[in-house]
Amino acid sequence: MAAYTTFNHLVEIAPDKTLAPELAESWEAAPGAKEWVFNLRKGVEFHDGRSMTADDVIYSINRHRGEASQSGAKALMAAVEEVEKLDSHQIRIRLASGNADLPWNFSGDHMAIVPDGFDDWMNPVGTGGYVQTSFEPGVRATWERNPNYWKEGRAHVGEVEFLVLNDPQARIAALQSGQIDALGLVDPVAVEMLKGSGAAQVVNSAGGQFWSYAANCKLAPFDNVNVRRALKHGIDRQKILDIVLRGNGRIGNDQPVAATDPLYNTELAQTPYDPEKARHYLKEAGLDGLSLQLDTSDATYAGSANVGQLFRQAAQEAGIGIEVMRQPADGYWDQIWLNPSRQMTSGVWMGRPTVDMLMSTIFAGDAPWNEAFWSDPRFDSILVEARAELDAAKRKDMYWELQSIIHADAGHVIPVFADFIDAYSPRVRGLMPTPSWYLMGARFTERVWLAA
């Protein structure tokens, strides 16, 4: 949200989840989708008064490329072979392989456009609707409206302040008391209370957010696909949806594409909660039972430990013993998640604009956030092929097969898709459901206004 408040990107995802121009006014692909031309918007100023040109965009893209890059968007930019300046406001991008979804890759918060040579991230300079005025890590950050913002009808309020309130009850109290005007990551338990109180507006958006349990496929016995299948049959998804989400979501099926996505595989059979089936798969793996440690944390989502306990209770019936390790929020992402020594970790994914971005980020063998440490050569091959395929029917068939592979073989247990739930004070106007992320796709600061 800080990125979208401070910066603009080449494109933006509209509230209806279509792709809209932002700093790029238009774009066009050559046949085969290996070469793209982007026409950049003129008359846009950075916060320091400099005019945005092709040099700034090229620099911003190249930050994510190369062996030394540690960017979360590195995998999305891996196919870029060259970014070429055609004139002051036009660039050409050449790819090693075709990518029909390339413009979508520039919508993510990593892909912010900054001035050529910029590297002072404690004092960010962007073209966005607000200029950052302070930043206290883990505490708060503040912005003032950009007086020269190029977008008409956006960035209405004079000042923006983000507060970090890690305790779910403290967040709800802050909203009810009027201390804050907007709240993301609302605990589903609080939804009915907030709706009935009259002190808040609650907005549900059914999108691609899913909760995950990632079994480490590099550690025995999780390197055995039968053990992974046992775990998938050892979880009671309906109970999690009813008790924890209070119905604010949908059942998951161990693959990451939401039912609202046009590429969702409608023919995948739902994996049921079946303790006997889970025991069968354990026997196929040569095991009479299984014991594991599951790391959870409120850093992922409110109630993560409670969901872990429901998983533990259901898995007991299948001969699977789960020790739920509740880890502190501070340091979870840095020290526990993606730690190759951990057996199983909990996570939360907000979805991605395209299926390719989702799979390239989490499931490809070289994905930067491959939390299950899973790799399948056939999966990787089809993923690359699907990325370049321009025939819609063929592409759909490929993504259906990729979902099937993940569903059957990958290290992920995905019990539910959770709605994005936001709450706002009664004076906030301009609200609408936005399925791409919390708080109107993380762009609420430039889209809402306040009643007089």
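- Asp295 and Gln327 are linked by a side-chain donor-acceptor pair at a separation below 3.5 angstrom, with hydrogens and angles left out of the test.
- Within 6.0 Å of atom CG in Asp55, more than 12 heavy atoms from other residues, nucleotides or ligands are found, so the atom counts as buried in its surroundings.
- A donor and an acceptor atom, one from each side chain of Thr133 and Thr142, are located under 3.5 Å apart.
- Looking at Asn8 and Thr127, their side chains do bring a donor and an acceptor atom within 3.5 Å of each other.
- Within 6.0 Å of CZ in Arg378 there are 12 or fewer heavy atoms belonging to other residues, nucleotides or ligands.
- With hydrogens and angles left out, the side-chain atoms of Glu371 and Trp337 include a donor and acceptor closer than 3.5 Å.
- For CD of Gln169, the number of neighbouring non-hydrogen atoms (other residues, nucleotides, ligands) closer than 6.0 Å is 12 at most.
- For Ser69 (side chain) and Ser71 (main-chain N/O), a donor-acceptor pair under 3.5 Å exists by modelled atom type.
- Between the side chains of Asn166 and Asp298, no donor-acceptor pair is found at a separation under 3.5 Å.
- Screening Ile362, Leu231, Asp254 against His412 for a side chain to side chain contact (heavy atoms under 4.5 Å, CB included) leaves a single residue, Ile362.
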Please assess Glu12 against Lys151 for the test salt bridge (Lys or Arg N to Asp or Glu O under 4.0 Å), listing each intermediate value before the final yes or no.
CA-CA 13 Å; Glu12 70 171 296; Lys151 285 188 186 180; 3.0 Å; yes
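- Each of Thr354, Asp356, Asn99 was evaluated against Arg387; a single residue qualifies, Asp356, per the side-chain hydrogen bond (donor to acceptor under 3.5 Å, both in side chains) test.
- Judged purely by atom type and a 3.5 angstrom limit, Arg237 uses its side chain to pair as donor or acceptor with the backbone of Ile414.
- Here Arg92 pairs with Glu84 in a salt bridge; the nearest charged N to carboxylate O distance falls below 4.0 Å.
- For the residue pair Ser26 and Asn39, a side-chain donor N or O sits within less than 3.5 Å of a side-chain acceptor on the partner.
- Taking NE2 of His9 as the start and CZ of Phe7 as the end, the distance is 8.0 Å to the nearest 0.5 Å.
- The number of heavy atoms from other shown groups lying within 6.0 Å of CD (Gln70) does not exceed 12.
- Panel note: side chain Asp187, backbone Ala302; no donor-acceptor pair is recorded below 3.5 Å.
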Please walk me through it: do Leu338 and Trp333 pass side-chain contact (heavy atoms from CB on, under 4.5 Å)?
CA-CA 8 Å; Leu338 283 186; Trp333 296 116; over 6 Å; no
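- Between the side chain of Asp409 and the backbone N or O of Val225 there is no donor-acceptor pair closer than 3.5 Å.
- Looking only at distances, a side-chain donor or acceptor of His64 sits under 3.5 Å from a matching main-chain atom of His110.
- Donor-acceptor pairing under 3.5 Å is lacking for the side chains of Asn339 and Arg342.
- Checking side-chain atoms of His47 against main-chain N and O of Gly128 turns up a donor-acceptor pair under 3.5 Å.
- Taking NZ of Lys34 as the start and CG of Leu102 as the end, the distance is 13.5 Å to the nearest 0.5 Å.
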Run Arg50 and Asp48 through salt bridge (Lys or Arg N to Asp or Glu O under 4.0 Å) and show every step you take.
CA-CA 6 Å; Arg50 282 182 279 179; Asp48 61 6; 2.7 Å; yes
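- The CZ atom of Arg154 sits 5.0 Å away from atom CZ of Arg447, with the distance rounded to the nearest 0.5 Å.
- Atom CD1 of Ile421 is separated from atom CG of Asn204 by 5.0 Å, given to the nearest 0.5 angstrom.
- At least one side-chain heavy atom of Met357 sits under 4.5 Å from a side-chain heavy atom of Asn105.
- Judged by distance alone, with hydrogens and angles left aside, the side-chain atoms of Lys17 form no donor-acceptor pair with the main-chain N or O of Gly207 at under 3.5 Å.
- Phe38 has its ring centre less than 6.0 Å from the ring centre of Phe106.
- A donor-acceptor pair under 3.5 Å links the side-chain atoms of Gln403 to the main chain of Leu263, judged by distance alone.
- At a cut-off of 3.5 Å, with distance as the only test, no side-chain donor of Ser346 or Trp211 sits close to an acceptor on the other residue.
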Determine, stepwise, if the pair Arg228 / Asp223 fulfils salt bridge (Lys or Arg N to Asp or Glu O under 4.0 Å).
CA-CA 8 Å; Arg228 303 197 291 270; Asp223 56 347; over 6 Å; no
Given Trp400 and Tyr264, is the ring-ring contact (aromatic ring centres under 6.0 Å, His included) satisfied, shown in steps?
CA-CA 7 Å; Trp400 275 38; Tyr264 172 74; 8.1 Å; no
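- Between Pro368 and Gly72 the shortest heavy-atom distance is CG-O, 3.8 Å.
- One N or O on the side chain of Ser297 and one on the backbone of Ala299 form a donor-acceptor pair closer than 3.5 Å.
- The aromatic rings of Trp374 and Phe379 sit perpendicular, their planes meeting at an angle over 60°, well past the 30° parallel limit.
- A salt bridge between Glu161 and Arg140 is present, with a side-chain N of the basic residue lying under 4.0 Å from a carboxylate O of the acidic one.
- Between the side chain of Asn248 and the backbone N or O of Leu245 there is at least one donor-acceptor pair closer than 3.5 Å.
- Checking Thr445 against Thr5 by side-chain atom types alone, a donor-acceptor pair falls below 3.5 Å.
- Taken from CZ in Phe363 to CG in Asp380, the straight-line distance is 12.0 Å, to the nearest 0.5 Å.
- Under a cut-off of 6.0 angstrom, the local environment of CZ in Arg145 is crowded, with over 12 non-hydrogen atoms contributed by other residues, nucleotides or ligands.
- Heavy atoms from other residues, nucleotides or ligands lying under 6.0 Å from CD of Glu136 number more than 12.
- Atom CD in Glu389 sits 8.0 Å away from atom CZ in Arg395 (nearest 0.5 Å).
- Using a 4.0 Å cut-off between charged nitrogen and carboxylate oxygen, Lys42 and Glu25 do not count as a salt-bridge pair.
- Screening Leu10, Ile113, Val83, Asp116 for a side chain to side chain contact (heavy atoms under 4.5 Å, CB included) with Ser60, the sole residue that qualifies is Ile113.
- For the side chain to side chain contact (heavy atoms under 4.5 Å, CB included) criterion with Leu439, the lone passing option out of Leu431, Asp422, Leu185, Val448 is Asp422.
- At a cut-off of 3.5 Å, with distance as the only test, no side-chain donor of Gln209 or Tyr301 sits close to an acceptor on the other residue.
- Here the closest non-hydrogen pair linking Lys85 and Ala54 is CG-CB, 4.0 Å.
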Using the rule given for salt bridge (Lys or Arg N to Asp or Glu O under 4.0 Å), can you reason through Glu22 versus Arg443, listing the C-alpha separation, both sets of side-chain angles and the distance that settles it, and then say yes or no?
CA-CA 13 Å; Glu22 196 168 34; Arg443 292 177 176 270; 3.3 Å; yes
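- Aromatic ring orientation, Tyr213 versus Phe311: tilted (interplanar angle from 30° to 60°).
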